[in-house]
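Each chain gets a letter, A, B and so on, in the order the sequences are listed, and its residues count up from 1.
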2 protein chains.
Amino acid sequence: MARRKDHTPDELKAWVIRSVLEFLQDFPANELSLRKVAKRVEYSPGTLINLFGSYAHLLLAVNASTLDHISERLNNRLSASQELEPQQQLLLFAQEYLAFAKEHPFQWRLIFEHRLDDDVPEWQQNRINQLFELIELRLITLRPTSTSAELQQASRTIWASVHGICMLDVDNKIFATDNSSELSINGESMIQSLLKHYLSSWKLSSNTHTPSQ
Amino acid sequence: MARRKDHTPDELKAWVIRSVLEFLQDFPANELSLRKVAKRVEYSPGTLINLFGSYAHLLLAVNASTLDHISERLNNRLSASQELEPQQQLLLFAQEYLAFAKEHPFQWRLIFEHRLDDDVPEWQQNRINQLFELIELRLITLRPTSTSAELQQASRTIWASVHGICMLDVDNKIFATDNSSELSINGESMIQSLLKHYLSSWKLSSNTHTPSQ
DNA sequence: CTATTGTTTTGAACACTGTTCATAATAATA
DNA sequence: TATTATTATGAACAGTGTTCAAAACAATAG
(Lines give C-alpha, C1' and ligand atoms only; values in the text may rest on other atoms or scores of the structure.)
Protein backbone atom coordinates (compact mmCIF):
# COMPACT_ATOMS: atom_id res chain seq x y z
CA MET A 1 0.00 0.00 0.00
CA ALA A 2 1.43 3.33 -0.90
CA ARG A 3 0.94 6.53 1.01
CA ARG A 4 -2.58 7.07 2.12
CA LYS A 5 -3.52 10.46 0.88
CA ASP A 6 -4.51 11.80 4.29
CA HIS A 7 -0.97 12.37 5.66
CA THR A 8 2.53 12.85 4.36
CA PRO A 9 5.27 11.13 6.41
CA ASP A 10 6.25 14.35 8.17
CA GLU A 11 2.65 15.26 8.88
CA LEU A 12 2.15 11.81 10.34
CA LYS A 13 5.23 12.16 12.54
CA ALA A 14 3.96 15.43 13.96
CA TRP A 15 0.47 14.01 14.40
CA VAL A 16 1.83 10.98 16.26
CA ILE A 17 3.91 13.13 18.60
CA ARG A 18 0.97 15.40 19.28
CA SER A 19 -1.19 12.39 20.06
CA VAL A 20 1.35 11.00 22.53
CA LEU A 21 1.72 14.37 24.23
CA GLU A 22 -2.04 14.52 24.65
CA PHE A 23 -2.01 11.07 26.20
CA LEU A 24 0.78 12.05 28.59
CA GLN A 25 -1.29 14.98 29.74
CA ASP A 26 -3.52 12.56 31.63
CA PHE A 27 -1.69 9.24 31.94
CA PRO A 28 1.87 8.10 32.70
CA ALA A 29 4.11 6.81 29.97
CA ASN A 30 4.20 3.27 31.30
CA GLU A 31 0.51 2.92 30.47
CA LEU A 32 1.22 3.71 26.85
CA SER A 33 2.37 1.27 24.19
CA LEU A 34 3.22 1.26 20.53
CA ARG A 35 -0.02 -0.49 19.74
CA LYS A 36 -2.06 2.06 21.68
CA VAL A 37 -0.35 4.90 19.84
CA ALA A 38 -1.10 3.14 16.57
CA LYS A 39 -4.77 2.84 17.52
CA ARG A 40 -4.94 6.50 18.49
CA VAL A 41 -3.65 7.72 15.13
CA GLU A 42 -5.39 4.89 13.24
CA TYR A 43 -2.25 3.47 11.67
CA SER A 44 -0.68 0.05 12.08
CA PRO A 45 2.16 -0.54 14.59
CA GLY A 46 4.53 -1.46 11.77
CA THR A 47 3.98 1.89 10.09
CA LEU A 48 5.07 3.76 13.19
CA ILE A 49 8.19 1.63 13.42
CA ASN A 50 8.96 2.40 9.79
CA LEU A 51 8.60 6.07 10.60
CA PHE A 52 10.60 6.31 13.82
CA GLY A 53 12.79 3.21 13.70
CA SER A 54 11.48 1.78 16.95
CA TYR A 55 9.13 2.57 19.80
CA ALA A 56 12.10 3.80 21.83
CA HIS A 57 12.98 6.28 19.11
CA LEU A 58 9.36 7.38 18.89
CA LEU A 59 9.48 8.29 22.57
CA LEU A 60 12.79 10.05 21.94
CA ALA A 61 11.09 12.20 19.32
CA VAL A 62 8.39 12.99 21.87
CA ASN A 63 11.08 14.02 24.35
CA ALA A 64 12.66 16.27 21.76
CA SER A 65 9.33 17.98 21.29
CA THR A 66 8.93 18.38 25.04
CA LEU A 67 12.39 19.91 25.34
CA ASP A 68 11.44 22.37 22.62
CA HIS A 69 8.33 23.36 24.52
CA ILE A 70 10.34 23.83 27.71
CA SER A 71 12.95 25.85 25.90
CA GLU A 72 10.28 28.05 24.34
CA ARG A 73 8.63 28.77 27.67
CA LEU A 74 11.91 29.57 29.38
CA ASN A 75 12.95 31.92 26.61
CA ASN A 76 9.62 33.67 26.66
CA ARG A 77 9.79 34.10 30.41
CA LEU A 78 13.28 35.52 30.26
CA SER A 79 12.76 37.87 27.33
CA ALA A 80 9.71 39.26 29.12
CA SER A 81 11.83 40.27 32.11
CA GLN A 82 15.14 41.53 30.88
CA GLU A 83 14.96 44.61 33.06
CA LEU A 84 15.26 42.52 36.23
CA GLU A 85 18.45 41.75 38.07
CA PRO A 86 20.25 38.53 37.13
CA GLN A 87 19.43 36.65 40.34
CA GLN A 88 15.78 37.57 39.86
CA GLN A 89 15.96 36.25 36.32
CA LEU A 90 17.50 33.00 37.52
CA LEU A 91 14.69 32.66 40.01
CA LEU A 92 12.08 33.15 37.31
CA PHE A 93 13.97 30.70 35.15
CA ALA A 94 13.85 27.97 37.77
CA GLN A 95 10.26 28.73 38.70
CA GLU A 96 9.17 28.47 35.09
CA TYR A 97 10.93 25.13 34.80
CA LEU A 98 9.15 23.89 37.90
CA ALA A 99 5.86 25.20 36.58
CA PHE A 100 6.21 23.21 33.38
CA ALA A 101 7.13 20.08 35.31
CA LYS A 102 4.02 20.39 37.47
CA GLU A 103 1.73 21.21 34.55
CA HIS A 104 3.01 18.30 32.46
CA PRO A 105 4.40 15.81 34.96
CA PHE A 106 4.23 12.76 32.69
CA GLN A 107 5.83 14.53 29.75
CA TRP A 108 8.51 15.89 32.03
CA ARG A 109 9.25 12.57 33.67
CA LEU A 110 9.60 10.78 30.37
CA ILE A 111 12.58 12.95 29.46
CA PHE A 112 14.63 11.46 32.27
CA GLU A 113 13.09 8.03 32.67
CA HIS A 114 13.49 7.03 29.05
CA ARG A 115 17.06 6.15 28.22
CA LEU A 116 18.36 4.63 25.01
CA ASP A 117 21.03 1.99 25.04
CA ASP A 118 23.21 4.03 22.73
CA ASP A 119 24.36 7.54 23.50
CA VAL A 120 22.06 10.51 23.50
CA PRO A 121 21.93 12.06 20.02
CA GLU A 122 23.77 15.33 19.72
CA TRP A 123 20.73 17.28 18.60
CA GLN A 124 19.18 16.44 21.98
CA GLN A 125 22.41 17.33 23.75
CA ASN A 126 22.37 20.70 22.01
CA ARG A 127 18.90 21.46 23.29
CA ILE A 128 20.10 20.87 26.85
CA ASN A 129 23.28 22.86 26.38
CA GLN A 130 21.19 25.82 25.28
CA LEU A 131 19.45 25.83 28.65
CA PHE A 132 22.80 25.88 30.44
CA GLU A 133 23.94 28.83 28.37
CA LEU A 134 20.92 30.81 29.50
CA ILE A 135 22.03 30.29 33.09
CA GLU A 136 25.68 31.08 32.50
CA LEU A 137 24.68 34.29 30.77
CA ARG A 138 23.04 35.51 34.01
CA LEU A 139 25.81 34.19 36.21
CA ILE A 140 28.48 36.12 34.35
CA THR A 141 26.71 39.43 34.96
CA LEU A 142 26.32 38.40 38.58
CA ARG A 143 30.08 37.94 38.97
CA PRO A 144 32.00 39.24 35.95
CA THR A 145 35.40 38.01 37.15
CA SER A 146 34.43 34.33 37.09
CA THR A 147 36.22 32.02 34.71
CA SER A 148 34.58 29.77 32.16
CA ALA A 149 35.21 26.72 34.32
CA GLU A 150 33.63 28.41 37.32
CA LEU A 151 30.60 29.38 35.29
CA GLN A 152 30.14 25.83 34.08
CA GLN A 153 30.59 24.54 37.60
CA ALA A 154 28.00 26.91 39.02
CA SER A 155 25.47 26.53 36.23
CA ARG A 156 25.61 22.73 36.46
CA THR A 157 25.37 22.77 40.23
CA ILE A 158 22.42 25.13 40.21
CA TRP A 159 20.63 23.31 37.46
CA ALA A 160 21.13 19.85 38.91
CA SER A 161 19.83 21.15 42.24
CA VAL A 162 16.80 22.79 40.69
CA HIS A 163 16.14 19.61 38.80
CA GLY A 164 16.32 17.55 41.99
CA ILE A 165 13.87 19.89 43.69
CA CYS A 166 11.47 19.53 40.77
CA MET A 167 11.67 15.74 40.99
CA LEU A 168 10.84 15.90 44.66
CA ASP A 169 7.91 18.18 43.99
CA VAL A 170 6.47 16.42 40.96
CA ASP A 171 6.08 13.09 42.69
CA ASN A 172 5.68 13.97 46.33
CA LYS A 173 5.52 10.27 47.00
CA ILE A 174 9.21 9.43 46.88
CA PHE A 175 10.30 11.75 49.62
CA ALA A 176 8.15 12.71 52.54
CA THR A 177 6.56 16.07 51.93
CA ASP A 178 3.43 16.27 54.02
CA ASN A 179 4.59 13.91 56.75
CA SER A 180 3.46 15.72 59.86
CA SER A 181 1.66 19.05 59.78
CA GLU A 182 2.30 22.79 59.50
CA LEU A 183 3.05 24.40 56.19
CA SER A 184 3.98 21.94 53.49
CA ILE A 185 7.37 22.58 51.96
CA ASN A 186 6.65 23.10 48.29
CA GLY A 187 9.11 23.20 45.40
CA GLU A 188 8.64 26.93 44.98
CA SER A 189 9.98 27.72 48.44
CA MET A 190 12.82 25.24 48.06
CA ILE A 191 13.93 26.89 44.83
CA GLN A 192 13.80 30.26 46.54
CA SER A 193 15.86 28.94 49.40
CA LEU A 194 18.40 27.31 47.12
CA LEU A 195 19.01 30.28 44.88
CA LYS A 196 18.93 32.86 47.65
CA HIS A 197 21.59 31.15 49.73
CA TYR A 198 23.72 29.66 46.98
CA LEU A 199 23.90 32.79 44.85
CA SER A 200 24.43 35.21 47.73
CA SER A 201 27.53 33.26 48.66
CA TRP A 202 28.71 32.46 45.15
CA LYS A 203 28.65 36.01 43.83
CA LEU A 204 30.85 37.16 46.71
CA SER A 205 33.36 34.31 46.76
CA SER A 206 36.73 35.12 45.22
CA ASN A 207 38.23 32.65 42.81
CA THR A 208 41.30 31.60 44.77
CA HIS A 209 41.47 28.12 43.37
CA THR A 210 39.91 26.17 40.53
CA PRO A 211 36.67 24.46 41.54
CA SER A 212 37.59 20.89 40.71
CA GLN A 213 40.71 18.73 40.95
CA MET B 1 3.59 -29.34 45.33
CA ALA B 2 4.40 -28.44 48.86
CA ARG B 3 7.42 -26.62 50.11
CA ARG B 4 10.62 -27.85 48.58
CA LYS B 5 12.90 -28.56 51.48
CA ASP B 6 15.72 -26.34 50.26
CA HIS B 7 14.22 -22.98 51.30
CA THR B 8 11.65 -21.59 53.71
CA PRO B 9 9.51 -18.72 52.36
CA ASP B 10 11.57 -16.07 54.14
CA GLU B 11 14.83 -17.63 53.02
CA LEU B 12 13.54 -17.64 49.47
CA LYS B 13 12.51 -13.99 49.70
CA ALA B 14 15.97 -12.99 50.84
CA TRP B 15 17.59 -15.20 48.22
CA VAL B 16 15.48 -13.63 45.46
CA ILE B 17 16.32 -10.11 46.57
CA ARG B 18 20.00 -10.96 46.74
CA SER B 19 19.86 -12.44 43.25
CA VAL B 20 18.22 -9.32 41.83
CA LEU B 21 20.75 -7.06 43.51
CA GLU B 22 23.54 -9.11 41.96
CA PHE B 23 21.94 -8.73 38.56
CA LEU B 24 21.59 -4.96 39.04
CA GLN B 25 25.28 -4.77 39.78
CA ASP B 26 25.98 -5.34 36.09
CA PHE B 27 22.77 -4.69 34.15
CA PRO B 28 19.94 -2.13 34.24
CA ALA B 29 16.56 -3.02 35.65
CA ASN B 30 14.77 -2.79 32.33
CA GLU B 31 16.73 -5.83 31.13
CA LEU B 32 15.36 -7.87 34.00
CA SER B 33 12.01 -9.64 34.10
CA LEU B 34 10.02 -11.81 36.43
CA ARG B 35 10.80 -14.83 34.32
CA LYS B 36 14.54 -14.11 34.38
CA VAL B 37 14.47 -13.76 38.15
CA ALA B 38 12.60 -17.05 38.36
CA LYS B 39 15.25 -18.72 36.22
CA ARG B 40 18.06 -17.29 38.32
CA VAL B 41 16.66 -18.69 41.59
CA GLU B 42 15.34 -21.83 39.87
CA TYR B 43 11.73 -21.33 40.86
CA SER B 44 8.67 -20.79 38.72
CA PRO B 45 7.32 -17.27 37.99
CA GLY B 46 4.08 -18.08 39.77
CA THR B 47 5.92 -18.92 42.96
CA LEU B 48 7.55 -15.49 43.05
CA ILE B 49 4.18 -13.82 42.52
CA ASN B 50 2.74 -15.84 45.40
CA LEU B 51 5.65 -14.65 47.53
CA PHE B 52 5.68 -10.95 46.70
CA GLY B 53 2.19 -10.36 45.31
CA SER B 54 3.42 -9.10 41.96
CA TYR B 55 6.59 -8.32 40.07
CA ALA B 56 6.17 -4.66 40.99
CA HIS B 57 6.10 -5.54 44.67
CA LEU B 58 9.14 -7.75 44.22
CA LEU B 59 11.03 -4.75 42.90
CA LEU B 60 9.68 -2.72 45.81
CA ALA B 61 11.19 -5.25 48.21
CA VAL B 62 14.48 -4.88 46.35
CA ASN B 63 14.28 -1.12 46.77
CA ALA B 64 13.65 -1.51 50.48
CA SER B 65 16.79 -3.58 50.73
CA THR B 66 18.75 -0.98 48.80
CA LEU B 67 17.51 1.79 51.08
CA ASP B 68 18.67 -0.26 54.05
CA HIS B 69 22.11 -0.60 52.54
CA ILE B 70 22.29 3.13 51.90
CA SER B 71 21.12 3.92 55.40
CA GLU B 72 23.70 1.57 56.85
CA ARG B 73 26.56 3.14 54.91
CA LEU B 74 25.50 6.67 55.81
CA ASN B 75 25.22 5.82 59.49
CA ASN B 76 28.61 4.15 59.47
CA ARG B 77 30.20 7.13 57.78
CA LEU B 78 28.69 9.56 60.25
CA SER B 79 29.41 7.62 63.40
CA ALA B 80 33.01 7.31 62.28
CA SER B 81 33.39 11.08 62.17
CA GLN B 82 31.49 12.59 65.04
CA GLU B 83 34.40 14.79 66.02
CA LEU B 84 34.10 16.82 62.82
CA GLU B 85 32.16 20.04 62.45
CA PRO B 86 28.55 19.77 61.27
CA GLN B 87 29.16 21.17 57.79
CA GLN B 88 31.99 18.70 57.34
CA GLN B 89 29.69 15.92 58.42
CA LEU B 90 27.04 17.02 55.93
CA LEU B 91 29.69 17.00 53.22
CA LEU B 92 30.72 13.45 54.10
CA PHE B 93 27.07 12.50 54.21
CA ALA B 94 26.41 13.73 50.69
CA GLN B 95 29.66 12.30 49.38
CA GLU B 96 28.84 8.89 50.76
CA TYR B 97 25.42 9.04 49.15
CA LEU B 98 27.03 9.91 45.83
CA ALA B 99 29.57 7.13 46.27
CA PHE B 100 26.85 4.55 46.70
CA ALA B 101 24.99 5.85 43.66
CA LYS B 102 28.10 5.54 41.52
CA GLU B 103 29.04 2.11 42.86
CA HIS B 104 25.54 0.72 42.35
CA PRO B 105 23.99 2.88 39.66
CA PHE B 106 21.31 0.40 38.59
CA GLN B 107 20.21 -0.35 42.15
CA TRP B 108 20.15 3.34 42.92
CA ARG B 109 18.18 4.28 39.83
CA LEU B 110 15.55 1.65 40.48
CA ILE B 111 14.57 3.37 43.70
CA PHE B 112 13.32 6.40 41.84
CA GLU B 113 12.36 4.95 38.49
CA HIS B 114 10.06 2.31 39.91
CA ARG B 115 6.79 3.75 41.08
CA LEU B 116 3.72 1.87 42.21
CA ASP B 117 0.24 2.99 41.27
CA ASP B 118 -0.82 3.13 44.89
CA ASP B 119 0.92 5.24 47.49
CA VAL B 120 4.37 4.48 48.83
CA PRO B 121 4.10 2.17 51.86
CA GLU B 122 4.82 3.85 55.16
CA TRP B 123 7.69 1.52 56.02
CA GLN B 124 9.47 2.88 52.95
CA GLN B 125 8.54 6.42 53.89
CA ASN B 126 10.03 5.87 57.33
CA ARG B 127 13.34 4.78 55.86
CA ILE B 128 13.54 8.04 53.92
CA ASN B 129 12.48 10.17 56.86
CA GLN B 130 15.34 8.69 58.87
CA LEU B 131 17.79 10.08 56.32
CA PHE B 132 16.27 13.54 56.65
CA GLU B 133 16.58 13.41 60.41
CA LEU B 134 20.30 12.78 60.10
CA ILE B 135 20.60 16.02 58.14
CA GLU B 136 18.41 18.07 60.44
CA LEU B 137 20.49 16.91 63.38
CA ARG B 138 23.58 18.54 61.86
CA LEU B 139 21.73 21.63 60.73
CA ILE B 140 20.47 22.38 64.22
CA THR B 141 23.97 22.47 65.64
CA LEU B 142 24.96 24.65 62.70
CA ARG B 143 22.30 27.22 63.56
CA PRO B 144 20.69 26.52 66.95
CA THR B 145 18.11 29.31 66.65
CA SER B 146 16.41 27.80 63.63
CA THR B 147 12.82 26.66 63.91
CA SER B 148 11.51 23.23 63.07
CA ALA B 149 9.97 24.51 59.84
CA GLU B 150 13.27 26.09 58.81
CA LEU B 151 15.12 22.88 59.49
CA GLN B 152 12.71 20.89 57.39
CA GLN B 153 12.95 23.47 54.64
CA ALA B 154 16.73 23.41 54.60
CA SER B 155 17.13 19.66 54.92
CA ARG B 156 14.69 19.05 52.05
CA THR B 157 16.31 21.66 49.88
CA ILE B 158 19.78 20.30 50.50
CA TRP B 159 18.79 16.73 50.01
CA ALA B 160 16.81 17.33 46.84
CA SER B 161 19.77 19.26 45.45
CA VAL B 162 22.26 16.56 46.37
CA HIS B 163 19.96 14.03 44.82
CA GLY B 164 19.75 16.02 41.61
CA ILE B 165 23.53 16.24 41.45
CA CYS B 166 23.79 12.49 41.89
CA MET B 167 21.35 11.93 39.05
CA LEU B 168 23.40 14.14 36.80
CA ASP B 169 26.57 12.30 37.74
CA VAL B 170 25.25 8.74 37.56
CA ASP B 171 24.05 9.03 34.00
CA ASN B 172 26.28 11.66 32.47
CA LYS B 173 24.28 11.18 29.30
CA ILE B 174 21.24 13.24 30.15
CA PHE B 175 23.03 16.47 30.77
CA ALA B 176 26.21 17.49 29.02
CA THR B 177 29.14 16.79 31.27
CA ASP B 178 32.16 16.34 29.02
CA ASN B 179 30.88 18.55 26.24
CA SER B 180 33.95 20.53 25.37
CA SER B 181 37.24 20.11 27.15
CA GLU B 182 39.13 21.18 30.29
CA LEU B 183 38.40 19.61 33.64
CA SER B 184 35.18 17.66 33.69
CA ILE B 185 32.74 18.82 36.33
CA ASN B 186 32.15 15.78 38.48
CA GLY B 187 29.51 15.25 41.11
CA GLU B 188 32.01 15.50 43.92
CA SER B 189 32.93 19.07 43.08
CA MET B 190 29.31 20.03 42.55
CA ILE B 191 28.38 18.73 45.98
CA GLN B 192 31.26 20.69 47.49
CA SER B 193 30.12 23.82 45.69
CA LEU B 194 26.50 23.37 46.72
CA LEU B 195 27.14 22.79 50.41
CA LYS B 196 29.88 25.37 50.73
CA HIS B 197 27.80 28.20 49.33
CA TYR B 198 24.37 27.18 50.57
CA LEU B 199 25.44 26.46 54.13
CA SER B 200 27.72 29.46 54.50
CA SER B 201 24.75 31.70 53.75
CA TRP B 202 22.12 29.66 55.56
CA LYS B 203 23.89 29.46 58.89
CA LEU B 204 24.24 33.26 58.97
CA SER B 205 20.76 34.22 57.79
CA SER B 206 18.44 35.40 60.53
CA ASN B 207 14.92 34.04 60.62
CA THR B 208 12.96 37.22 59.98
CA HIS B 209 10.08 35.51 58.26
CA THR B 210 8.83 31.99 57.74
CA PRO B 211 10.34 30.26 54.73
CA SER B 212 7.18 29.39 52.82
CA GLN B 213 3.84 31.07 52.13
C1' DC C 1 1.23 -46.94 59.32
C1' DT C 2 -2.31 -45.43 56.26
C1' DA C 3 -5.67 -41.76 55.10
C1' DT C 4 -6.95 -37.24 55.13
C1' DT C 5 -6.29 -32.44 55.29
C1' DG C 6 -3.57 -28.35 54.19
C1' DT C 7 -0.14 -25.94 52.05
C1' DT C 8 3.16 -24.94 48.46
C1' DT C 9 4.68 -25.20 43.70
C1' DT C 10 3.93 -25.67 39.10
C1' DG C 11 3.04 -25.15 34.05
C1' DA C 12 -0.34 -24.29 30.74
C1' DA C 13 -3.15 -20.56 29.22
C1' DC C 14 -4.33 -15.56 28.57
C1' DA C 15 -3.83 -11.08 27.09
C1' DC C 16 -0.56 -8.18 26.31
C1' DT C 17 4.18 -6.17 24.55
C1' DG C 18 7.80 -4.55 20.47
C1' DT C 19 9.52 -6.11 16.18
C1' DT C 20 10.04 -8.37 11.54
C1' DC C 21 8.78 -9.15 6.88
C1' DA C 22 6.37 -10.98 2.85
C1' DT C 23 2.45 -9.29 0.73
C1' DA C 24 -0.76 -6.05 -0.92
C1' DA C 25 -2.19 -1.52 -2.24
C1' DT C 26 -1.49 2.88 -3.89
C1' DA C 27 1.32 6.68 -6.29
C1' DA C 28 4.58 8.09 -9.61
C1' DT C 29 6.76 7.27 -13.74
C1' DA C 30 7.68 5.32 -18.57
C1' DT D 1 -1.87 1.92 -20.07
C1' DA D 2 2.07 -0.76 -18.11
C1' DT D 3 5.78 -0.66 -15.11
C1' DT D 4 8.42 0.63 -11.32
C1' DA D 5 8.80 2.56 -6.48
C1' DT D 6 7.14 3.49 -2.48
C1' DT D 7 4.33 2.74 1.57
C1' DA D 8 1.10 0.48 4.62
C1' DT D 9 -0.41 -3.73 6.43
C1' DG D 10 -1.46 -7.86 9.26
C1' DA D 11 0.10 -12.29 10.42
C1' DA D 12 3.76 -14.39 12.96
C1' DC D 13 7.40 -14.50 16.63
C1' DA D 14 9.45 -14.25 20.93
C1' DG D 15 8.93 -12.00 24.86
C1' DT D 16 6.24 -9.91 29.05
C1' DG D 17 3.24 -10.22 33.88
C1' DT D 18 -0.52 -12.70 35.75
C1' DT D 19 -4.11 -16.30 36.80
C1' DC D 20 -5.58 -20.68 38.31
C1' DA D 21 -6.73 -25.65 38.26
C1' DA D 22 -4.15 -29.40 39.12
C1' DA D 23 -0.23 -31.81 41.12
C1' DA D 24 3.19 -32.73 44.64
C1' DC D 25 4.71 -32.66 48.93
C1' DA D 26 4.30 -32.01 54.35
C1' DA D 27 1.67 -32.34 58.47
C1' DT D 28 -1.84 -34.19 60.92
C1' DA D 29 -5.62 -37.65 62.42
C1' DG D 30 -7.39 -42.12 62.93
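A salt bridge links B:E103 with B:R73: the distance from a Lys NZ or Arg NE/NH1/NH2 to an Asp or Glu carboxylate oxygen falls below 4.0 Å. Between A:R138 and A:E133 there is no salt bridge, since none of the side-chain N atoms of the basic residue sits less than 4.0 Å from a carboxylate O of the acidic one.
Atom P of nucleotide D:dG17 and atom NE2 of B:H114 are separated by 12 Å, given to the nearest angstrom. We find that CH2 of B:W15 is positioned 16 Å from P of C:dT9, with the value rounded to whole Å. Here the P atom of nucleotide C:dT20 and the CG atom of A:L48 are 14 Å apart, to the nearest Å. In this structure, B:K39 places its NZ atom 9 Å from P of D:dG15, rounding to the nearest Å. For the pair A:N50 CG and D:dG10 C1', the computed distance is 13 Å after rounding to whole Å. Regarding A:N30, its CG atom lies at a distance of 14 Å from the P atom of D:dG17, rounded to whole Å.
Note that A:R156 lies in the cation-pi zone of A:F132, set by a 6.0 Å cut-off to the ring centre and a 45° limit from the axis. Both tests do not hold together for A:K36 against A:F23: distance to the six-membered ring centre under 6.0 Å, angle to the ring axis within 45°.
Side-chain to base pairing of B:R35 with D:dG15: no donor and acceptor N or O lie closer than 3.5 Å to each other.
Listed nucleotides: D:dT9, C:dT19, C:dT9. Nearest to the side chain of A:I49: C:dT19. Side-chain atoms of B:L34 lie closest to D:dT18 of the nucleotides C:dT19, D:dT18, D:dT9. Closest contact between the side chain of B:Y55 and the listed nucleotides C:dT19, D:dT18, D:dA8 involves D:dT18. The side chain of B:K36 sits closest to D:dT16 out of D:dT16, C:dG18, D:dT18.
A:T47 comes within 4.0 angstrom of a nucleotide base, judged by non-hydrogen atoms across all strands.
Close to C:dT17, at under 4.0 Å from its OP1 or OP2, lies a side-chain N or O of A:S33.
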